[in-house]
Amino acid sequence: MKYQKLHPWNVDYKRAAEIQGRLEKSIVLICAAKNFKIIAGADVSYLPTRTIREGKRSSTGTKKGKMFYASVMVFELKTMERVEAVTASGIVDFPYIPGLLSFRESPILLKAFAKIKSNPDVIILDAQGIAHPRGIGLASHIGLLLDKPTIGCAKTRLIGDYNEVGEEMGCYSPLTVQDKVVGAVLRTRKNVKPVFVSPGHKIDLKTSIGLILKSCRGCRLPEPIRQAHNLVKKTATGKE
DNA sequence: GCGACAG
DNA sequence: ATCTTGTCGC
């Protein structure tokens with residue numbers, strides 16, 4: 001699928017924050033789509049211990065960084081049957097900075113999304129949506145670039161306050177930032193840590209929660225995320 | 001200055 | 001994210 005190039009990626013962290021501040025104004029939290037049939041999940045992985053150095057004598061100079069891998073998996077929502085799976089790889093040098101994760105992982109994710117043939121109605125990402133210091137986490141950012149509904153489904157908290165969540169599957173409590181609800185802490189399975197769900201783009205929180213619950217198959221994480229993670233990790237470590 | 005901090 | 005052992009619960 002195709003995506004928009006709204007800004008450059010080779011920027012410093014200060015410029016990255018400025019870009020986020022500008023893009024945040026474009027995020028839509030209204031769910032226009034009525035029927036979600038195709039759902040996709042994506043994830044990124046890499047080997048933290050090895051730094052790659054790739055000499056390019058010609059034009060672009062020397063590239064250094066780590067080899068990153070991304071995968072996108074597409075499912076039919078009704079049956080949760082997988083219809084497509086792709087991977088992509090590339091060198092990444094932007095460091096991990098809380099709040100700037102999208103500048104580290106988005107380029108490789110977009111490379112993977114460019115490969116898929118199907119046209120998902122909604123995309124789940126292992127990250128935050130609007131539950132972010134500048135209101136634009138990785139899921140929101142990707143949603144803008146792909147112009148698709150996206151949901152952030154993170155394993156831990158980045159920002160926001162919340163109360164304890166009921167133990168039963170489906171229980172949740174609102175995640176708030178200065179009295180504003182930016183997401184939900186959702187129990188996707190009994191007796192396991194809840195996940196942090198926040199709408200990314202072109203979707204509302206209620207719909208997001210429903211889709212996350214619907215795509216969970218007895219596991220803590222939704223199936224698209226879980227399987228995308230398994231594949232990308234295998235690819236990164238080169239194991240079977 | 002101190003603590004917090006998606007992956 | 002990744003490095004790690006045993007251990008509790010369904």
Side-chain angles (χ1 to χ4, degrees), chain A residues 9 13 16-17 20 23-24 27 41-52 65-72 87-112 123-144 150-162 167-169 175-178 182-201 208 212 216-222 224-226 228-239:
Chain A
W9 291 106
Y13 69 90
Q20 288 183 330
L23 293 183
E24 192 271 341
I27 293 173
D43 196 25
V44 171
S45 184
Y46 64 99
L47 296 316
T49 47
R50 210 165 96 117
T51 297
I52 307 292
K66 285 160 185 157
M67 188 57 74
F68 272 55
Y69 302 84
S71 87
V72 178
T87 61
S89 64
I91 294 173
V92 173
D93 61 355
F94 198 97
Y96 171 66
I97 301 169
L100 296 179
L101 179 65
S102 59
F103 284 82
R104 180 168 168 83
E105 298 196 343
S106 290
I108 190 67
L109 277 171
L110 292 172
K111 201 170 170 181
I123 300 162
I124 308 178
L125 290 140
D126 182 6
Q128 307 288 350
I130 62 167
H132 176 277
R134 285 169 294 280
I136 174 163
L138 172 62
S140 296
H141 200 151
I142 291 288
L144 277 179
T150 53
I151 304 170
C153 180
K155 297 180 292 296
T156 59
R157 185 198 80 109
L158 173 61
I159 198 174
D161 307 307
Y162 61 98
E167 288 297 328
E168 294 300 321
M169 173 201 278
L175 180 68
T176 60
V177 173
Q178 294 168 358
V182 295
V185 189
L186 173 68
R187 190 85 62 184
T188 53
R189 188 187 169 177
K190 194 175 179 178
N191 296 324
V192 297
K193 281 178 22 178
V195 297
F196 294 75
V197 178
S198 57
H201 182 50
S208 300
I212 294 296
C216 281
R217 276 291 187 275
C219 292
R220 180 189 176 218
L221 295 176
I225 292 288
R226 207 176 68 83
H229 178 76
N230 288 343
L231 175 60
V232 82
K233 192 172 175 183
K234 254 182 210 173
T235 308
T237 57
K239 287 180 183 176

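Bear in mind the structure is a predicted one, so any value in this text is a computation, not a measurement.
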*Between dG7(B) (P) and Leu100(A) (CG): distance, integer Å*: 15 Å

*Rounded to whole angstroms, how far apart are CG on Leu101(A) and P on dA1(C)?*
11 Å

*With sugar-phosphate meaning primed atoms plus P, OP1 and OP2, does Tyr46(A) contact a base, only sugar-phosphate, or nothing at under 4.0 Å between heavy atoms?*
base

*asked:* Mind checking if Ala127(A) touches a base, just sugar-phosphate, or nothing, with heavy atoms under 4.0 Å?
replied: base

*Across the strands shown, which category fits Lys155(A) at heavy-atom distances under 4.0 angstrom: base, sugar-phosphate, nothing?*
sugar-phosphate

*For Val232(A) and Ser71(A), work out which heavy atoms get closest and say how close.*
CG2-N, 3.8 Å

*Is Ser106(A) close to Ile142(A) at the side-chain level, that is, under 4.5 Å between some pair of heavy atoms?*
yes

*At under 4.0 Å between heavy atoms, what does Gly152(A) touch on the DNA or RNA strands: base, sugar-phosphate, or nothing?*
nothing

*Out of dC5(B), dG7(B), dT2(C), which nucleotide sits closest to the side chain of Leu158(A)?*
dC5(B)

*asked:* Less than 4.0 angstrom between a side-chain N/O of Ser45(A) and OP1 or OP2 of dG7(B), yes or no?
replied: no

_Rounding to an integer number of Å, can you tell me how far Asp126(A) CG sits from dT2(C) C1'?_
14 Å

*For Phe196(A) and dC5(B), what is the distance between atoms CZ and C1' respectively, to the nearest whole Å?*
13 Å

*Go through Arg187(A) and Glu168(A) one step at a time and tell me if the salt bridge (charged side-chain N to carboxylate O under 4.0 Å, His left out) criterion holds.*
CA-CA 7 Å; Arg187(A) 190 85 62 184; Glu168(A) 294 300 321; over 6 Å; no

_Assuming nearest nucleotide by heavy-atom distance, tell me which of His229(A) and Arg189(A) is located more 5' along DNA chain C._
His229(A)

*Do the side-chain N or O atoms of Thr237(A) get closer than 4.0 angstrom to the phosphate oxygens (OP1, OP2) of dT2(C)?*
no

*Would you call Tyr96(A) stacked on dG7(B), i.e. ring centres under 5.5 Å apart with the planes less than 30° off parallel?*
yes

*With heavy atoms under 4.0 Å as the rule, sort Leu109(A) into base, sugar-phosphate or nothing.*
nothing

_Side chain of Lys233(A) only, heavy atoms from C-beta on: which candidate in dT2(C), dG7(B), dA6(B) is closest?_
dT2(C)

*Atom CD of Gln20(A) and atom P of dA6(B): how far apart are they, to the nearest Å?*
14 Å

*side-chain contact (heavy atoms from CB on, under 4.5 Å) between Lys155(A) and Arg220(A): does it pass, once the steps are laid out?*
CA-CA 9 Å; Lys155(A) 297 180 292 296; Arg220(A) 180 189 176 218; 3.8 Å; yes

*Return the value, rounded to whole Å, for the distance between atom CD1 of Ile124(A) and atom C1' of dA6(B).*
16 Å

*Could you state the CZ-C1' distance from Phe94(A) to dA6(B), rounded to the nearest angstrom?*
14 Å

*Length of the line joining Tyr69(A):OH and dG7(B):C1', which is rounded to integer Å*: 17 Å

*asked:* Just N and O in the side chain of Arg157(A): are any of them under 4.0 Å from OP1 or OP2 of dA4(B)?
replied: no

*Check Asp43(A), Thr237(A), Leu47(A), Val44(A) against Tyr69(A) for a side chain to side chain contact (heavy atoms under 4.5 Å, CB included) and give me the one that passes.*
Leu47(A)

